Amino acid sequence: MTEKNLAQVLREQMKAEGKRFWAGDNISEFITDEIKHKLIDEATEAFELVLDRLLIDRETDPNSQGTARRLAKMYFNEIMSGRYDPAPCATSFPNDSQDRYEGLLVVRSELRSMCSHHHQPVNGVAYIGIIAASKLIGLSKYTRIAQWCARRGTLQEELANDIAREISKATGATDVGVYIQATHGCCENRGIMAHSSLTQTTVLMGAFKNDQSTKKEFFDNIKLQQDFAPR
Ligand SMILES: [Zn+2]
């Protein structure tokens, strides 16, 4: 009987524990540095097989030598790193003194993601709005959290939900809005090959959903940011 590879062992473990491991799920509790190295080795072998099946000469084509390992490393360390890395640590600061900030906060974050259907790039920007609750996190942390959610195989609709949930978790805010504008490689490089396809998704929670003036202020803020940095 052939020995099981580590990916197989981990998949069985996750199934047994009822842990979902879809392309957009974070499975960092099962991954250590040592495990990741081993998984990259196994994925390298698998990508070698894919290249062979595509009839690409890995032996004499200098551009294709090492491609399997580059792909394996890219998936684990870059384009899908948000599946394997734990949440970025977002130190929070209390926002409960007399001069606490009670206004709306809107942060614009660049997004680089990948669609889980075709593994094509999704490029865009997320506008994250919150009404500050009892704690605040550093401004760069909003982008770190958004990137961590984006560096997986995602659907834009799911990504907006994931970012809203994680921002709410990190800040304690229940009033959260996320608006994403992105272009999709799967529409630009294949399929309908539409180069101007722009997809917009919105997730509104709490006051962003229920209070018309908060909702309007959020979209007015986005408009101001877009005028400042047009996309
Ligand atoms: Zn796609």
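Remember, predicted model here, so these are calculated numbers, not experimental data. Both counts, for ligands and for their atoms, begin at 1 and track the order of listing.
- Every residue two or more places apart in sequence or in another chain was checked for a ring-ring contact (aromatic ring centres under 6.0 Å, His included) with Y142, and none qualifies.
- Side chain to side chain, T44 and D41 fail the donor-acceptor criterion of an N or O pair below 3.5 Å.
- Only protein N, O or S atoms were scored, and 3 of them lie under 2.8 Å from the Zn ion (ligand 1).
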Anything under 3.5 Å between a donor and an acceptor, one on a side chain of residues 171-180, the other on a protein residue two or more places apart or in another chain? List them.
| unit_1 | atom_1 | unit_2 | atom_2 | d |
| --- | --- | --- | --- | --- |
| T171 | OG1 | I167 | O | 2.7 |
| T171 | OG1 | A173 | N | 3.2 |
| D175 | OD1 | A207 | N | 2.8 |
| Y179 | OH | Q181 | NE2 | 3.4 |
| Y179 | OH | Q200 | OE1 | 2.6 |

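- In this structure, a donor-acceptor pair under 3.5 Å is present between the side chains of Q156 and T201.
- Judged as a salt bridge (charged side-chain N to carboxylate O under 4.0 Å, His left out), and not counting sequence neighbours, R70 has no contacts.
- By the 6.0 Å contact criterion, CD on E29 is enclosed, its count of non-hydrogen atoms from other residues, nucleotides or ligands being greater than 12.
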